[in-house]
Amino acid sequence: MSESRNVICPTPASETEVVQMAHGGGGRLMNALIETVIRPAFANPLLDQRHDGAVFEAGGARLAFTTDSYVVKPLFFPGGDIGSLAVNGTVNDLAMCGAEPLYLSAAFIIEEGFPIVDLRRVVASMEDAARRASVSFVTGDTKVVDRGKGDALFINTAGVGTVRAKSLVGPAAVKPGDVLILSGDLGRHGIAIMAAREGLAFETAIASDCAPLWSPVRRLIEAGIEVHCLRDLTRGGLASALIEIAEAAACAIKLDETTIPVQPEVRAACELLGLDPLYVANEGRFVAFVAEADVVRALDLLAGDDVSAGAAVIGRVTAEERGAVAIRGAYGAIRRLTMLSGEQLPRIC
Amino acid sequence: MKHVDEYRDAEAVARLAGAIAAATTRPWTIMEICGGQTHAIMRFGLDQLLPREITLVHGPGCPVCVTPEAYIDKALEIAAMPSVIFCSFGDMLRVPGARGDLLGVKARGGDIRIVYSPLDAVEIARANPGREVVFFAVGFETTAPANAMAAHKARSEGVKNFSLLVSQVLVPPAMEALLSAPDTRVQGFLAAGHVCTIMGTEAYGPIAARYRVPVVITGFEPVDILAGILACVQALEEDRHEAINMYARMVRPEGNLPARTLIDEVFEIADREWRGLGVLPSSGLALRPAYSALDAERRFGAAENAATAPSICISGDILRGVCSPLQCPAFGGACTPEHPLGVTMVSSEGACAAYYRYRGATRLAGD
């Protein structure tokens, strides 16, 4: 190799001393922020479960508790709005603990100048979603910030529920041989938001899949299906969720790409925008890790519920290569799924 | 999905993979120029379908990767000015210069906006007459028409607060530079189909003849890429050195004439620096004198090279196809997408990033 041509182009390490948008994107940077800044400050055994919510005993009852903040833009989008999202997101985090959602709180941070007519619309949507999910808002808070100091409307909700699952539901219960069932097609929420935000019009309007997930989860639990782990596929999509679970459970996951349902219009939009549907956010989809003996029954039960009518087996857990998620494509080639650094879409939920 | 599914058909892919295996009798090293093709090869695992004798090496066709550090630094400097709205394609925001990246400038308060078209930046300029709006005009022949259109529109409509920071490069001179290097491994090329859609095919016949390599104009879907590899292997086996158009559904010999006319009106051929490759003569575009008032380097000062620190990173060799990402001692360890040591790990189209994303930090069995 000639000296003169051996040009290198080193780049300095990326700067991380201030928070960037990618820190909120559900990828590696967000995990790093949580693991290095937030979790160490609060460390305790419940927090260290690293699940969507905390599960604990209180007064003889087994409860699940969770919270989430909603900063979606635009506030209203096909298939939902920030209000329905704020209910279903928290309801679903409880459902993923195997818990029946009961009570929610709502806190509103409102920017000066925000139209009250829009606030009424959001609140009505929250009430509607709460009724559909059989939960009640029992406490709340409002704050108003100066014009320019917020972004129209932020909502935080927290929720408590009663754990109905008989045994532990979470990454720690995942076993080699478990079968992964996906509750329906991927990517509709993320693409609906992206299209609304960027003013993209597709041949068919793509609506968010935003929906409460306790009903299908209850079917599984009440039928005695051996459910080892549940995870809703929000920020970072299916891929990020499975990588987190594989790492937390110290197992490997093998997926078959040809069995993962994605609507043609979502696939087309992803092609156009350069996105991978496996990483696009969903608000009404979950993956269930189920014992192999129960798979047929579980699929039947899920098929009977509107929000999981498209459920399909997409892969299984193996003992080899801990923490790895590999996917076999249509041509038989295998690729590794890796955690994206930041987000595919900014501020999706 | 109309027009895509037929080029991803599993049977067609299997048939082409079989035909490539049957046609191959000797080892061949083929470079795909375009980062989009590299990405598709990794995403669909097409390299896993090829016989052992075929080695694919990944070319410099990633606009984010080859934009010189001096221009990134100039972009950071301009974007940090309170009077400026800096517009860019999203991919450029993560690329580090000597003093951080555009995302960092944004987090510190710089007004940086991601646009999908340079024409959007012209509209932003029109809507903000009190601010300077600068568009980061980077890329290959594929981005040149829209960038030229933005310059043309701003000039003809008198949008005075709009300018372009131009680092626009051309594929054929880079191919010649790669083939002229004494350590080149490349025996055949897959040329980037979308570049040819704009520029046509005429540049490639002379390169094929002069350097005695087949150049196959190739698309981006799995069937397209395998058909391109098959045509390249057949030409290599038969010792044919010619340009072959395997993307004829998109590429006409003369290219897109209105787009070429527009590029020619706004831009002229100029020497350009390529990150990793150095300065290549006549390898890029600069604004013609009639458009020089729109040159951000005239408004904000010229992009100047800072001295680059020595590094373990071999991205220069990776961009030239001399080394594979897996040969870099830093790959997946010291160098990851969060802490990239070189641009090929930064850009989503960079070869290192594609390997990392689809293979992980470690090798899969069989690599």
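Numbers restart at 1 for each chain; the letters A, B, ... are given by sequence-line order, proteins then strands. Nothing here was measured: the structure is a model prediction, and the numbers come from that model.
Counting all heavy atoms, side chain and backbone alike, B:Tyr356 lies closest to A:Thr338 at O-CG2, 3.3 Å. The heavy-atom pair separating B:Leu49 from A:Tyr331 by the smallest distance is CD2-O, 3.6 Å. When all heavy atoms of A:Ala330 and B:Ala10 are compared, the closest pair comes out as O-CB, 3.9 Å. Taking each heavy atom of A:Val19 and B:Ala107 in turn, the nearest pair found is O-CB, 3.6 Å. Of all heavy-atom pairs between A:Ala333 and B:Gly45, the closest is CB-O, 3.4 Å.
With A:Arg335 contributing its side chain and B:Arg43 its backbone, the two residues share a donor-acceptor pair below 3.5 Å.
One finds the CG atom of B:Asp5 at 4.5 Å from the CZ atom of A:Arg267 (value rounded to the nearest 0.5 Å).
Of the atoms belonging to B:Ala14, not a single heavy atom falls under 4.5 Å from chain A.
The pair B:Arg8-A:Glu271 counts as a salt bridge, with a side-chain nitrogen and a carboxylate oxygen less than 4.0 angstrom apart.
A cation-pi geometry, defined here as NZ or CZ lying under 6.0 Å from the six-membered ring centre and within 45° of its normal, holds between B:Arg357 and A:Tyr279.
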